[in-house]
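Excluded from the calculations below are hydrogen atoms, water molecules and symmetry mates; all remaining heavy atoms, backbone and side chain alike, are included.
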Amino acid sequence: TSMTNNPLTFTMDQARTLTASFSAVGANPLDEGLVAYYRFDTNSASVPDDSGNGHTGTLHGATWMPSGITGGAYSFSNDWIIAHDFFPVTGAGDLTVSFWTRLSVADWESDLIGWGKVNGINGMIRIMVTSGSWLPPGGRILVQDGLPGGPQGTSYDVGSSVISDGNWHFITVSCANRMTTIWVDGTAERTFGPFAPIGGSTYPLTFGISPIDTNNYHLKGGSLDEVRIYDRALAMDEVTALYTLASGPTARLAVNGSP
């Protein structure tokens, strides 16, 4: 099957690998509004931001592995990655966070990705995994995008799918018009809100640990790959496209007819 929409040509095949060739950043429609992109494909002393925006992450013990959903990935066990001084999206504007995760343990408030500020005016966004002792069943995606003060903030909800099964799952959290939608493997599961404006200057972008407490809430027994952060809300067909790219049949993208 193939689809053509100049200047991009998408060719679908049965290969389980992803290849891409772009003539320039922004040529791919899925690059629009992309503020950070962490492929996690290289084993290096720091974690590059593949969007070209320079938001490099710092390793704090996370382990690189060569076998992610596409290319490499990072596994976490009481360790984390921080992109210091980087607050991807702040205020009440739209945003999207998408990533692949593989979880084998549903631990109490295991944080996957988050950032923000806590001062009674601005809030934060935390993407977590539930445990069996709170909001059972455990192993579901929990998104907190509110202010402190109530139980886990004033605005939070939980997806319906249990993903702590040792397989890779594609997670998308999109915020549009202050309403948040949780997507699992390309399917929208919950919409809730309104979320509080996200603050900056206190807790930068973190992976594998809570942005509000780096002494607790570690991700234990999990991996992350292909993290994308946008300053806009992705449409349903865009979420589906990202899921299809890595889940197979895999898309081979070419720009301006180039293979």
Side-chain angles (χ1 to χ4, degrees), residues 38 40 60-63 65 68-69 73-82 96-118 123-175 179-193 195-196 198 202-227 229:
Y38 301 93
F40 294 157
H60 292 268
T63 303
M65 48 188 280
I69 188 69
Y74 274 98
S75 65
F76 299 81
S77 181
N78 293 311
D79 39 35
W80 61 94
I81 296 170
I82 297 180
T96 301
V97 181
S98 72
F99 58 96
W100 285 86
T101 187
R102 183 174 63 186
L103 304 171
S104 58
V105 176
D107 193 60
W108 169 252
E109 288 193 34
S110 293
D111 278 69
L112 300 171
I113 297 171
W115 73 89
K117 182 177 182 179
V118 180
M124 74 195 102
I125 181 166
R126 293 173 69 190
I127 305 174
M128 300 175 280
V129 185
T130 63
S131 71
S133 60
W134 183 61
L135 298 174
R140 297 180 296 156
I141 290 294
L142 164 67
V143 177
Q144 176 186 341
D145 58 5
L147 297 167
Q152 303 304 311
T154 58
S155 180
Y156 70 94
D157 211 333
V158 184
S160 56
S161 297
V162 174
I163 63 169
S164 56
D165 57 4
N167 297 313
W168 285 102
H169 293 278
F170 182 60
I171 309 303
T172 304
V173 175
S174 63
C175 300
M179 299 298 291
T180 301
T181 300
I182 301 171
W183 306 70
V184 178
D185 293 332
T187 299
E189 295 194 343
R190 300 286 293 180
T191 297
F192 66 101
F195 70 85
I198 299 172
T202 303
Y203 302 109
L205 175 65
T206 60
F207 305 91
I209 196 161
S210 168
I212 65 172
D213 186 352
T214 56
N215 294 314
N216 297 290
Y217 312 115
H218 299 78
L219 174 59
K220 304 176 180 68
S223 303
L224 294 173
D225 197 8
E226 290 291 316
V227 180
I229 303 176

J.: With a 4.5 Å limit on heavy-atom distance, are the side chains of Leu112 and Leu219 in contact?
T.: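 Result yes, sub-4.5 Å side-chain heavy-atom pair found.
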
J.: Minimum heavy-atom separation for Thr130 and Pro137, please, with both atom names.
T.: OG1-O, 3.3 Å

J.: Check the pair Arg126, Asp111 against side chain to side chain contact (heavy atoms under 4.5 Å, CB included), reporting the backbone distance first and the verdict last.
T.: CA-CA 7 Å; Arg126 293 173 69 190; Asp111 278 69; 2.9 Å; yes

J.: Assess whether side chain to side chain contact (heavy atoms under 4.5 Å, CB included) is satisfied between Leu205 and Ile229, documenting all intermediate values.
T.: CA-CA 10 Å; Leu205 175 65; Ile229 303 176; 3.8 Å; yes

J.: Taking all non-hydrogen atoms of both residues, which atom of Asp79 and which atom of Gly61 are closest, and how far apart?
T.: OD2-O, 2.8 Å

J.: Closest approach of Ile81 and Ala62, non-hydrogen atoms and distance?
T.: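 Smallest interatomic distance, heavy atoms only, reads CG1-CB, 3.9 Å.
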
J.: Given side chains that start at C-beta, do those of Ile163 and Thr101 come closer than 4.5 Å, heavy atoms only?
T.: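 Of all side-chain heavy-atom pairs linking Thr101 with Ile163, at least one is under 4.5 Å.
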
J.: For Ser160 versus Glu189, what's the shortest heavy-atom pair and its separation?
T.: N-OE1, 2.6 Å

J.: Let's go through Ile171 and Val184 carefully: what are the C-alpha distance in whole Å and the side-chain angles of both, what is the deciding distance for side chain to side chain contact (heavy atoms under 4.5 Å, CB included) to 0.1 Å, and is it a yes or a no?
T.: CA-CA 5 Å; Ile171 309 303; Val184 178; 4.1 Å; yes

J.: Which heavy atom of Leu103 sits nearest a heavy atom of Gly222, and at what distance?
T.: CD2-CA, 3.9 Å

J.: Within the structure provided, determine whether Asp157 and Thr180 are in side-chain contact (heavy-atom separation under 4.5 Å).
T.: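 A side-chain contact under 4.5 Å is absent here.
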
J.: Any heavy-atom pair between the side chains of Val97 and Trp115 that's under 4.5 Å?
T.: yes

J.: Please round to the nearest 0.5 Å and tell me the distance separating atom NE2 of His60 and atom CD1 of Ile82.
T.: 4.5 Å

J.: Indicate yes or no: at least one non-hydrogen side-chain atom of Arg140 is less than 4.5 angstrom from one of Ser161.
T.: no

J.: Is any side-chain heavy atom of Ser110 closer than 4.5 Å to a side-chain heavy atom of Met128?
T.: no

J.: I want to check something: taking the side chain as every heavy atom from C-beta on, are Leu142 and Val129 in contact at a cut-off of under 4.5 Å?
T.: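 Of all side-chain heavy-atom pairs linking Val129 with Leu142, none is under 4.5 Å.
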
J.: Tell me, do Ile127 and Phe99 make a side-chain contact under 4.5 Å, heavy atoms counted?
T.: yes

J.: Indicate, with yes or no, if the rings of Tyr38 and Phe207 have centres closer together than 6.0 Å.
T.: yes

J.: Begin from the C-alpha positions of Ile113 and Val227 and carry the test side chain to side chain contact (heavy atoms under 4.5 Å, CB included) through to its verdict.
T.: CA-CA 9 Å; Ile113 297 171; Val227 180; 3.9 Å; yes

J.: Using the ring pair (Phe, Tyr, Trp, His ring centres under 6.0 Å) definition, which of the options Trp168, Tyr74, Phe40, Phe170 pairs with Trp100?
T.: Phe170

J.: Mind checking side-chain contact (heavy atoms from CB on, under 4.5 Å) for Ser174 and listing every partner two or more places apart, or none if nothing turns up?
T.: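 Listed in chain order: Thr96, Thr181, Trp183.
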
J.: For a quick check under 3.5 Å, do His169 and Asp185 share a side-chain donor-acceptor pair by atom type?
T.: yes

J.: Could you pull out the closest heavy-atom pair between Ser164 and Gly138, with the gap in Å?
T.: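 Scanning both residues completely, I find the closest heavy atoms to be OG-O, 4.3 Å.
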
